[in-house]
Amino acid sequence: MQPNVAAAKAALAHIEQDENPATIRSKSRDFFWYSPVLKDAMDHLQADFVVNPKSEEEVVEVLRACYAHDVPVTTRGAGTGNYGQAMPMRGGCVMHMKNMAEVKEIAPGRVVTQPGIVIKDLDAQTRAHSGQELRMMPSTFATATIGGFVAGGSGGIGSCTWGALRDFGNIIRLRVVTMEEEPRVLDLTGDELPRVSHAFGTNGIITEIEMPLAPAYDWTELLVAFDDFKAAATYAQDVANEDGILIKLATVIEAPIGKSYFQRIAPHLSEGTHLVILLVAPHSFEGLKTFMKAHGTQGDIIYNSADNDWPKTPGALAEYTWNHTTLRALKVDPSVTYLQVRYRYPDHMELVEKVRAEFGTEVLQHLEVMRENGKVMFAGLPIVAFSTPERLDEIVAIHEEMGCMIFNPHRYTLEEGGRQSTDARQLNFKREADPKGLLNPGKMIAWDKPDFDYSAMYEYPGMTPKPEAAE
């Protein structure tokens, strides 16, 4: 099966395409470079051409033509994913969804939208229409698209209340186009949703999304400073466990991350200042202060967006959390990297302390409060001092031996970056919806290597060789 790129491109001449080589290069990349391992492995990858469909009908045309000519198709939004989700590993066509950005319906508790709209713009429309907002969003909300979030994300700002993106009820419906000789358009709901949510576009193209909404607030943004890390983590956990205090975010930042990497905040911190970043509903702020007094909280509120006396504001505090923490660190020190760790309830606090004792400053803690099955626990996105890929693998293995779950951001496949096992729902749907395996190829081990040994997490199945390595 040899792709005929020229024929597919010509068949799609009536659909908007990017011809500038620099634009094709740009739209062939995401934030894979967060990982020094992926940067080395994926930096050479590039699509042969880029199409920008404006409707579901044009998406169908793209998939039909590329199927006929055996051309791989990789779909993308803004490319803010950070482990190669949108990288075209085998060239072919990149389908950019920027032109499909219409909000179709806003109703009590829900919104129906096309996938290409930027989350910040979607949120602005739902707020203006009916005082509602999305339940959760990534820290890249100002540039990320809702389709990219559903296809590649897992949680974010709001997960301290609503849990993970794939938890029951956090996606209502997805409309998906298959890649067959004659593509089908399917509406997926209920237990069908995990087939394509967080599947990187490997088994269907999302053209419409229905998401739940929650009441919108002008969230009060707080920085709470602590001299003791465990006290900071305990405070974040306990605030999230207070049923009467409504929060959208609770982030724990170990010293000296804030002083070293948060340039607008650093002048207000010492080297030993640990931070908790909170987004609190305005009507819950008095309850929060009462909680802090009743519990003898050791921390001090050093910044309050509703009553700010800083000469220069830090900007949106949400953009210091989740993967933005890593981005801010990389801007100051490009040699560092990160991990994604799940500290499960009820051992989350104990596991964090074990990791801190084992690694010290080699692995600095950055914790995000999440709910899992109704229980407060931590998602960790620690800042790691990178030395070698081998040491990075050792750090991952030690975490796992301690009982931490690693979602490895230094691997680009669904399985290696997830639960280290085959997702039968996604694999079976790919067999049905993408029989030639042309959708975002190379990202699903179970398709490329059905007998893959999941204890061997460090090979790169399906990677196109670097040009200098080709025969």
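What you are looking at is a predicted structure, and each value in this text was computed from that prediction instead of being measured.
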Exercise. Is there a donor-acceptor contact under 3.5 Å from the side chain of Lys430 to the main chain of Leu439?
Worked result: yes
Problem set entry | Leu249 side chain near Glu368 side chain, heavy-atom distance below 4.5 Å | yes
Exercise. When Asp423 is tested against each of Arg195, Lys443, Arg166 for salt bridge (charged side-chain N to carboxylate O under 4.0 Å, His left out), which residue passes?
Worked result: Arg166
Exercise. Aromatic rings Tyr303 and Trp310: how do their planes relate, parallel, tilted or perpendicular, breaks at 30° and 60°?
Worked result: tilted
Exercise. When Leu339 is tested against each of Thr326, Ile395, Val363 for side chain to side chain contact (heavy atoms under 4.5 Å, CB included), which residue passes?
Worked result: Ile395
For this session: Using side-chain contact (heavy atoms from CB on, under 4.5 Å) as the criterion, list what pairs up with Arg175, not counting sequence neighbours.
Result: Glu56, Arg173, Val185, Asp187, Thr207, Glu208
Exercise. Is there a donor-acceptor pair under 3.5 Å between the side chain of Thr337 and the backbone N or O of Tyr34?
Worked result: yes
Exercise. Between Asp218 and Arg127, does at least one N-O distance fall below 4.0 Å, as a salt bridge requires?
Worked result: yes
Problem set entry | Check: Thr80 side chain, Ala144 main-chain N or O, donor-acceptor pair, under 3.5 Å | no
Exercise. Between Cys93 and Phe49, is any pair of side-chain heavy atoms under 4.5 Å apart?
Worked result: yes
Exercise. Do the side chains of Asp18 and Val94 get nearer than 4.5 Å, heavy atoms only?
Worked result: no
Problem set entry | Pairing of Arg90 and Asp448 as salt bridge, 4.0 angstrom limit | yes
Problem set entry | Residue list, salt bridge (Lys or Arg N to Asp or Glu O under 4.0 Å) with Glu254, at least two apart or on another chain | Arg356
Seminar exercise, completed: Residues pairing under side chain to side chain donor-acceptor pair (under 3.5 Å) where one sits in residues 139-149, two or more places apart or in two chains, turn out to be Ser139-His324
Exercise. How long is the gap from CE on Met87 to CD on Gln46, to the nearest 0.5 Å?
Worked result: 9.5 Å
Exercise. Do the non-hydrogen side-chain atoms of Tyr345 and Asn373 ever get within less than 4.5 Å of each other?
Worked result: no
Problem set entry | Pairing of Arg29 and Asp43 as salt bridge, 4.0 angstrom limit | yes
Problem set entry | salt bridge (Lys or Arg N to Asp or Glu O under 4.0 Å) partners of Asp243, counting only residues at least two apart | none
For this session: Measure the shortest side-chain to side-chain distance between Phe200 and Tyr412 over non-hydrogen atoms and say whether it is less than 4.5 angstrom.
Result: no
For this session: Take atom CD of Glu242 as the centre, draw a 6.0 Å sphere, and report whether it contains more than 12 heavy atoms from other residues, nucleotides or ligands.
Result: yes
Exercise. Heavy-atom distance under 4.5 Å between the side chains of Asn408 and Glu416, does that happen here?
Worked result: no
Problem set entry | Lys9 with Glu19: basic N within carboxylate O range, under 4.0 Å | yes
Exercise. Closest heavy-atom contact between Ala236 and Val252?
Worked result: CB-CG2, 3.6 Å
Problem set entry | Test item: side-chain donor near acceptor, Asn82 and Tyr338, under 3.5 Å | yes
Problem set entry | For Glu432, all residues meeting salt bridge (Lys or Arg N to Asp or Glu O under 4.0 Å), sequence neighbours excluded | Arg184
For this session: Return yes if some donor-acceptor pair links the side-chain N/O of Ser28 with the main-chain N/O of Ile24 below 3.5 Å, else return no.
Result: yes
Exercise. Below 4.5 Å, heavy atoms only, C-beta onward: do Leu165 and Ser154 meet side chain to side chain?
Worked result: no
Exercise. Is any side-chain heavy atom of Ile257 closer than 4.5 Å to a side-chain heavy atom of Tyr320?
Worked result: no
Exercise. Shortest non-hydrogen contact from Ala65 to Ala11?
Worked result: CB-CB, 4.2 Å
Problem set entry | Qualifying side chain to side chain donor-acceptor pair (under 3.5 Å) pairs with a residue from residues 59-79, counting only residues at least two apart or across chains | His14-Glu61, Arg64-Glu182, Asp70-Lys436
